[in-house]
Number of protein chains: 2
Amino acid sequence: MPDHPPPAFVPARELIAAHGGRVTRTRVAVIEALQASPHPLSHDEIGATLAAAGIAHDRVTLYRALDWLVEQGIAQRIAGGERAWRFEIRSDGEHRHAHFHCDRCGQILCLEDVPAGPDPALPAGFELARSELVFHGACADCGREGAKAAKR
Amino acid sequence: MPDHPPPAFVPARELIAAHGGRVTRTRVAVIEALQASPHPLSHDEIGATLAAAGIAHDRVTLYRALDWLVEQGIAQRIAGGERAWRFEIRSDGEHRHAHFHCDRCGQILCLEDVPAGPDPALPAGFELARSELVFHGACADCGREGAKAAKR
DNA sequence: GCTTTTAATGCTACAATGTTGCATCAAACA
DNA sequence: TGTTTGATGCAACATTGTAGCATTAAAAGC
Ligand SMILES: [Mn+2]
Ligand SMILES: [Mn+2]
Ligand SMILES: [Zn+2]
Ligand SMILES: [Zn+2]
């Protein structure tokens, strides 16, 4: 099983400037939060991180910052299974990978070794843009006690 | 490419009774709506079908009917990519298949030939319950004109 | 440095989707 | 027919995300 050394990330300010955006505290902090996390973060989790860092921000601003990152291809969205999006940095050249969603604690895990493809045989005229592969179940922490206790 | 003759569905009333539930107009109509559809339906679409059939119902009742169907394994939920769940009948013994979501018109297509697996190598202690494979892009209807017009 | 331009923000209001509590109704069964 | 209790209807609420618009501040020009 291959291991995954943490990638050397491009500094947030450079990333933003390279895409022709204005370097604001919020954007910098959002990118750094995503870069620091080993798994995709929800809007809410990112907001909490900013708050903890003392960076004031509006809910809407955060949504818009995330939208922009996705538009620029700096970050990508993951559907998760609940109704909230998750976000993660899109390391350059990296293939899209599958994710595991723990239905008990809600945690999402990146399965770096499992590609999100392969491309299916689609009916004529269909255009494939991307694929999302999400596994559901219980993580190691939740699995044991979950077996006796929790229901959904 | 294999073709898929429409499966002979178990009558709704029998399905419900077999699971120890009460046979109500709403449940029967929901199951029949799902059985009649070639693709997964959203809560809203099912509601519209019931309304068209003159079956009065409350939003909440419909949510609860769908929850029950999923609990019983009669139907299954699909995440789609928007925030609304889609539902489809879980034909007995049928493997879970992948879906295609058109990002322009929102339509979901069942890719019966594409299995939602295969099972990944998960870290120790993780338990796999199910997998969801969703492809995104443009359907045949939206693809052509979409190329010039629409943006997201 | 100071001014100008306009991208980004903050605020308010709203939309969409789904949930909870509780009183009432009716499906199943004796 | 009457009794039991699962299912429903209604009101109120929660969460997640959007739209419009006035204000702020990043960055470019001077
Ligand atoms: Mn990931
Ligand atoms: Mn399907
Ligand atoms: Zn867990
Ligand atoms: Zn389409």
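Computed from heavy atoms alone, side chains included, the values below leave out hydrogens, waters and symmetry copies.
- Of the possible donor and acceptor atoms, one in the side chain of Arg90(A) sits under 3.5 Å from a partner among the backbone N and O of Gly73(A).
- Between dT17(C), dT18(D), dG9(D), one nucleotide has an atom nearer to the side chain of Tyr63(A) than all others, and that is dT18(D).
- Taking atom CZ of Arg25(B) as the reference point, atom P of dT8(D) lies 9 Å away to the nearest angstrom.
- Atom CG of Asp58(A) and atom P of dT12(C) are 9 Å apart (whole Å).
- One can place CZ of Arg13(B) at 13 Å from C1' of dA28(C), the figure rounded to the nearest angstrom.
- The side chain of Thr61(B) contributes an N or O atom lying less than 4.0 Å from OP1 or OP2 of dG9(D).
- Across the interface with DNA chain C, nearest-nucleotide mapping of His43(B) and Val23(B) shows His43(B) to be the residue nearer the 5′ end.
- Annotation for Arg130(A): atom CZ counts as buried by contact number, over 12 foreign heavy atoms lying within 6.0 Å.
- Applying the 4.0 Å criterion to OP1 and OP2 of dT8(D), one finds that Thr24(B) has a side-chain N or O inside that range.
- Along DNA chain D, the nucleotide nearest to Trp68(B) and the one nearest to Arg22(A) differ in position, and the one closer to the 5' end is contacted by Trp68(B).
- Toward the 5' end of DNA chain C, the nearer of the two residues Thr26(A) and Trp85(B), judged by each one's closest nucleotide, is Thr26(A).
- With contacts defined as side-chain heavy-atom distances shorter than 4.5 Å, the pair Val70(A)/Trp85(A) does not qualify.
- Using a 4.0 Å cut-off, some side-chain N or O of Arg27(A) falls inside it from OP1 or OP2 of dA8(C).
- Arg59(B) places its CZ atom 9 Å from the C1' atom of dA16(C), with the value rounded to the nearest Å.
- Note: CD1 (Ile55(B)) to C1' (dA7(D)) measures 15 Å, nearest angstrom.
- Rounded to an integer number of Å, the gap from Phe87(B) CZ to dT17(C) C1' is 11 Å.
- Spacing between atom CG of Leu66(B) and atom C1' of dT19(C) amounts to 14 Å, rounded to whole angstrom units.
- Checking side-chain atoms of Glu14(B) against main-chain N and O of Pro11(B) turns up no donor-acceptor pair under 3.5 Å.
- Ring planes of Tyr63(B) and His43(B): parallel class, angle under 30° (limits at 30 and 60°).
- The CD atom of Glu82(B) sits 11 Å away from the P atom of dT18(D) (whole-angstrom rounding).
- The base of dG18(C) lies outside donor-acceptor range of the side chain of Arg64(B), with no N or O pair under 3.5 Å.
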